[in-house]
Amino acid sequence: MILLRPDQISYWYNYSVARSGYSELYAFARDFWKDLVRRGNKAFPPGFLARLLESFMSVPAGVHIDNAKLPEIETRYLSMIHAAEGADRLDGVFIITGADRDTALAQSIIMQIIDRLPAFRHSSLIFSDAELEKSFSCEGSQSAGFNVDQALDQIFSQAINEFMADELSFDTDDIFEIGHPNLFERAADRFFYRRMTGAMRGLATWTRSVFSIKEESSWIVAKYGEPQVLPLGGYDELTNKGNLSSIVPSELAYIDETMDFDLFDYKYIENQLMYFKRESGAVFRIRRDIRVKINLSEFFEHERHLGLLFAWCFNFAEKLIDTFVKDMVNVFIELDGFEPSSLKEAFSFFGHFLREKGLSQRICLICGNQRTSDEMQLRKNAQTWLLAPEPEPDSIFIPLNIPQSDEFARLDQDEQNRILGSLINESIERMVKHAQGGWN
């Protein structure tokens, strides 16, 4: 094995940059490439990295060479990435997060994309991190010690073949990971997330039932309801106040695109435009605090079972919120008993996951003294439910036992998903029957 000298690394870098149509790369792109190299991506062409960045961002990654003839094989590979199934959603990730202009944020997202692509490899591109730093102070490098143009063609040909063989695509879970790079600071977090989401998909097959409360007891509404004034029913009258979604369509006839300032603009400024006003009325949203208490055993020491537990917790909590969608529902999941060795890391990740999903103010996981939300507390004026093995005072009790036996462990994953999914359905069905009966 022969390591490249600093001057040879410099030649490789500058040749790749120029071949991709740049006279130089800006500091953020150059430093990003150096980080890639330190992570083991030594054969990643720096010029292609700049083109990949620019294909998703609205800021340049370097100084372009006028009328540069870009290599067809490089352009083809870039097009294949953007044409992959699900890749169209990546543009939305960059725009929504602001990474299309934020170079620091863009790098963490691009890194997630690169991790999913076939690795660039070439036997001649071997060098140390120390030599890499020295290479940027070299002047007048003459050769890389190998045919760089030929090497680049080989690198892209191999990547394209692997890309096509693997039928690379970006599924929903990939898009979530790519769009939330800070959620996966450790490799263990990504591993646990994939276990958890795999279990979520399996559970979702069995939790498609829809439950709804047809009638709520008047005294429950009076005791736990919180009135809110919302637009209801049809149109009530015309008014000169409103938003564009409720404007009377005939008012649009005043728009004259040939004029800088037309009659529509005048009427808008003078509040003379007419809008539909909808009927409004008070609706009551029931305050419900739902406690789900689970006593853990050694069964959850297995990481797959722990991932299944957190998937079940999330599916159940989300299903509860969807079922009581008209109400003000908070879900508290309390884990007691045995503490698996990976529980602390899983707990920490789950808290970040809830925040990224925008549910940290609706779902709270509690384990001993740890909480995923310090703001969420049980409300004194809320209807309290308890789903647990044993009842407790001042709560509507629904029996709930998570299977943790050796027999359950020996079942295949589909059967485990069916049993746990049915447990969610049965628990929610009992809750709906209680609510419709007006029980306290």
Using only atom types and a distance under 3.5 Å, with no angle test, would you say the side chain of [X] pairs donor to acceptor with the backbone of [Y]?
{"X": "E131", "Y": "I9", "answer": "no"}
{"X": "Q404", "Y": "F299", "answer": "no"}
{"X": "N41", "Y": "V37", "answer": "no"}
{"X": "W206", "Y": "I419", "answer": "no"}
{"X": "Q107", "Y": "T103", "answer": "yes"}
{"X": "R285", "Y": "D327", "answer": "yes"}
{"X": "S58", "Y": "D100", "answer": "yes"}
{"X": "T75", "Y": "P71", "answer": "yes"}
{"X": "D102", "Y": "G98", "answer": "no"}

Hey, what do you get for [atom1] ([X]) to [atom2] ([Y]), rounding to the nearest 0.5 Å?
{"X": "N330", "Y": "Q377", "atom1": "CG", "atom2": "CD", "result": "10.5 Å"}
{"X": "L335", "Y": "C313", "atom1": "CG", "atom2": "SG", "result": "6.0 Å"}
{"X": "L400", "Y": "S427", "atom1": "CG", "atom2": "OG", "result": "5.0 Å"}
{"X": "I113", "Y": "S108", "atom1": "CD1", "atom2": "OG", "result": "10.0 Å"}
{"X": "S250", "Y": "M274", "atom1": "OG", "atom2": "CE", "result": "9.0 Å"}
{"X": "I126", "Y": "H122", "atom1": "CD1", "atom2": "NE2", "result": "10.0 Å"}

Where [X] and [Y] come nearest, the two heavy atoms and their spacing:
{"X": "Q361", "Y": "S373", "result": "NE2-OG, 4.2 Å"}
{"X": "A382", "Y": "D289", "result": "CB-OD2, 3.7 Å"}
{"X": "L203", "Y": "G421", "result": "CD2-N, 3.8 Å"}
{"X": "E54", "Y": "P60", "result": "OE2-CA, 3.3 Å"}

Checklist line | Results of ring-ring contact (aromatic ring centres under 6.0 Å, His included) for F170 - residues two or more places apart only | finding: none
Check: With M196, which of F191, F349, W312 fulfils side-chain contact (heavy atoms from CB on, under 4.5 Å)?
Finding: F349
Item checked: Criterion side-chain contact (heavy atoms from CB on, under 4.5 Å) against F316, the qualifying member of I333, L420, L387 -> L387
Margin query: Suppose the criterion is salt bridge (charged side-chain N to carboxylate O under 4.0 Å, His left out): which pairs have a residue in residues 188-208, not counting sequence neighbours?
Written below: D173-R201, E177-R190, E177-R194, R186-D189
Check: Stepwise, does the salt bridge (charged side-chain N to carboxylate O under 4.0 Å, His left out) test hold for R38 with D35?
Finding: CA-CA 5 Å; R38 294 189 186 99; D35 287 340; 3.3 Å; yes
Between [Y] and [X], do the side chains contain a donor N or O and an acceptor N or O under 3.5 Å apart?
{"X": "Y77", "Y": "E72", "result": "no"}
{"X": "E429", "Y": "H434", "result": "no"}
{"X": "T205", "Y": "R418", "result": "no"}

Check: Do K344 and E339 sit within salt-bridge range, that is, some charged N less than 4.0 Å from a carboxylate O?
Finding: no
Margin query: Would E415 and R410 count as a salt bridge (charged side-chain N to carboxylate O under 4.0 Å, His left out) here? Give the steps.
Written below: CA-CA 10 Å; E415 183 62 12; R410 285 193 289 268; over 6 Å; no
Next item on the list: With K293 as the cation and F332 as the aromatic partner, state whether NZ or CZ is under 6.0 Å from the six-membered ring centre and within 45° of the axis.
Entry: no
Next item on the list: Would you please classify the geometry between the F324 ring and the W385 ring as parallel, tilted or perpendicular, with 30° and 60° separating the classes?
Entry: tilted
Margin query: Can you tell me how the ring of Y13 sits relative to the ring of F136, calling it parallel under 30°, perpendicular over 60° and tilted otherwise?
Written below: perpendicular
Item checked: Full working for side chain to side chain contact (heavy atoms under 4.5 Å, CB included) between L152 and E74 -> CA-CA 9 Å; L152 284 165; E74 185 177 297; 5.8 Å; no
Under 6.0 Å between ring centres: does that hold for [X] and [Y]?
{"X": "F310", "Y": "F347", "value": "no"}
{"X": "F353", "Y": "F314", "value": "yes"}
{"X": "F156", "Y": "F120", "value": "yes"}
{"X": "F300", "Y": "H305", "value": "no"}
{"X": "F192", "Y": "F350", "value": "no"}

